[in-house]
There are 2 protein chains.
Amino acid sequence: MKQIHEVVAQNLAAYRAKQHMSLDKVSKLTGVSKTMLSQIEKAESNPTITVLWKISSGLRIPLSALTSEVETKVDHIRREYLTPIDTGNEAITIYPYFPFDTKRGFELFVMEFDGKATFLSEGHYQQSEEYILVNEGELQLLIDREWHVIREGEAIRFQSDAAHTYKNATNTRLSLTVTVFYQEKND
Amino acid sequence: MKQIHEVVAQNLAAYRAKQHMSLDKVSKLTGVSKTMLSQIEKAESNPTITVLWKISSGLRIPLSALTSEVETKVDHIRREYLTPIDTGNEAITIYPYFPFDTKRGFELFVMEFDGKATFLSEGHYQQSEEYILVNEGELQLLIDREWHVIREGEAIRFQSDAAHTYKNATNTRLSLTVTVFYQEKND
DNA sequence: TCATGTTGTTTGATATAATGTACTAAATGA
DNA sequence: TCATTTAGTACATTATATCAAACAACATGA
């Protein structure tokens with residue numbers, strides 16, 4: 001969950017170190033001021049795409065060499081860093097365990113509904129597929145004007161391009177594990 | 001040779017049109033202001049990497065979907081659009097026919113030397129390979145403290161990571177076609 | 001030892017990225 | 001026809017990206 005400009009900072013600094021280049025050298029090569037380069041490396045600046053392009057182009061490396069995060073072997077998502085998404089509805093909480101990442105092309109989150117809560121998803125504007133596991137409670141799902149009832153321990157899979165509605169008709173808590181796959185990959 | 005922010009403009013506008021989304025909708029999805037989106041689409045703004053990331057991430061598309069140029073079938077490089085690179089030396093002119101492009105990983109240019117002109121290349125800070133064809137005149141090339149003489153109609157290939165020097169020892173014009181391949185690919 | 005480079009940071013000035021609000025024009029519907 | 005919504009643009013304001021020049025810290029060498 002590193003900020004993109006921090007990723008750039010890290011990548012640029014690492015590259016420059018590896019090549020044993022000074023800020024001055026990179027500045028000459030890319031036409032970007034020494035000051036800016038220094039600030040970018042310290043993540044104190046949010047470079048414009050034009051500046052990033054000048055850097056990648058001047059150094060003859062792909063843009064993605066600056067923007068793509070170096071993969072760690074393991075990613076342990078700790079409770080304390082999991083900040084719920086604001087859905088605008090008190091009764092519904094979403095925990096983004098693995099938010100959408102372009103490299104993987106999917107996202108994985110947990111949705112929790114209080115009793116009698118309803119949530120409308122507008123649809124994803126992409127070829128996308130949604131996989132839902134019901135951890136606890138009972139889910140009613142409206143897809144294409146048809147209601148489906150998925151009980152605790154069950155699961156459902158559907159094309160989620162179009163709008164669909166989640167409903168907890170019971171008075172007890174409903175908890176779902178949701179995975180959404182999108183089409184386009186790479187970065 | 002389109003500017004990067006023009007590429008982004010085109011890609012974003014095209015994507016939004018394809019998905020039949022309004023600026024408002026994209027703004028809600030991405031958390032980027034309608035105004036900014038409009039300006040980006042009109043290439044009136046140079047978005048920061050953070051804004052681009054918010055867009056790509058909010059729309060669930062890769063960054064490269066915004067930054068990579070849509071390929072045309074044919075690219076005719078016309079004389080009138082070929083602006084020589086300033087080498088800091090009046091006697092040497094470089095015509096960048098196909099400047100470095102991250103997708104291809106190479107560049108192709110023509111170098112022209114007046115009589116008795118010398119040019120030092122600092123080396124490319126990358127695994128790179130240089131291919132030189134002598135179109136006209138005679139080239140003397142210093143690689144790794146060894147001089148090579150390449151005559152009109154001949155060619156040479158070498159690892160160009162390290163510094164090397166081009167020299168026109170004659171009094172007549174020297175013209176080269178140079179291709180440089182770099183390692184890293186993709187974007 | 002002093003002078004001269006080299007490397008990265010700080011400073012101050014300017015351009016412009018980014019936002020929210022207000023506005024115009026077009027589409028929709030009763 | 002008039003009112004209401006929707007879609008994009010224009011405007012004013014704030015935040016900040018970008019640069020050139022000055023600076024400090026350290027190395028280099030004569």
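Lettering follows sequence order; numbering is per chain, from 1.
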Of the candidates D:dT18, C:dT9, D:dG8, the side chain of A:Gln39 sits closest to D:dT18
Classify the side chain of B:Lys34 versus the base of C:dG20 as yes if they form a donor-acceptor pair under 3.5 Å and no if they do not.
-> no
Report the distance from atom CD of A:Gln3 to atom P of D:dT16, rounded to the nearest whole Å.
-> 13 Å
Please give, in whole Å, the distance from D:dG8 P to B:Glu41 CD?
-> 8 Å
For C:dA17, does OP1 or OP2 lie under 4.0 Å from any side-chain N or O of B:Lys54?
-> no
Using only side-chain N and O atoms of B:Ser38, determine if any of them is under 4.0 Å from OP1 or OP2 of D:dG8.
-> no
Rounded to the nearest angstrom, tell me the gap between atom CD1 in A:Ile40 and atom P in D:dA17.
-> 10 Å
Decide if the gap between the ring center of B:Phe181 and the ring center of B:Tyr131 is smaller than 6.0 angstrom.
-> yes
Winner on side-chain proximity to B:Ser33, out of D:dG8, C:dT19, D:dC19, is C:dT19
Does the side chain of A:Ser22 get closer than 4.0 angstrom to OP1 or OP2 of C:dT6 through an N or O atom?
-> no
C:dG8 P sits how many Å from A:His20 NE2, rounded?
-> 13 Å
Closest contact, heavy atoms only, B:Pro99 versus B:Glu107 = C-CB, 3.9 Å
Roughly how many Å is it from CG in B:Leu52 to P in C:dA18, rounded to a whole number?
-> 8 Å
Here the distance between atom C1' of D:dT14 and atom CE of B:Met36, to the nearest Å, is 13 Å
When you measure from the side chain of A:Ser27 to the backbone N and O of A:Val32, does any donor-acceptor pair fall under 3.5 Å?
-> yes
Nearest-nucleotide 5' precedence on DNA chain C, B:Glu44 against B:Thr35 | B:Glu44
Nearest whole angstrom, please: distance from the P of C:dT19 to the NZ of B:Lys28.
-> 15 Å
Atom CD of A:Glu71: over 12 foreign heavy atoms under 6.0 Å = yes
Rounded interatomic separation in angstrom, taking CG from B:Leu12 and P from D:dG8 | 12 Å
Can you tell me if the side-chain N/O atoms of A:Thr48 get under 4.0 Å from OP1 or OP2 in D:dT18?
-> yes
Minimum heavy-atom distance between A:Pro47 and A:Ile40, given as atom pair plus value | CB-CD1, 3.8 Å
Does OP1 or OP2 of C:dG8 have a side-chain N or O of A:Arg16 closer than 4.0 Å?
-> yes
Select base, sugar-phosphate, or nothing to describe what A:Asn46 touches, counting heavy atoms under 4.0 Å on all strands.
-> sugar-phosphate
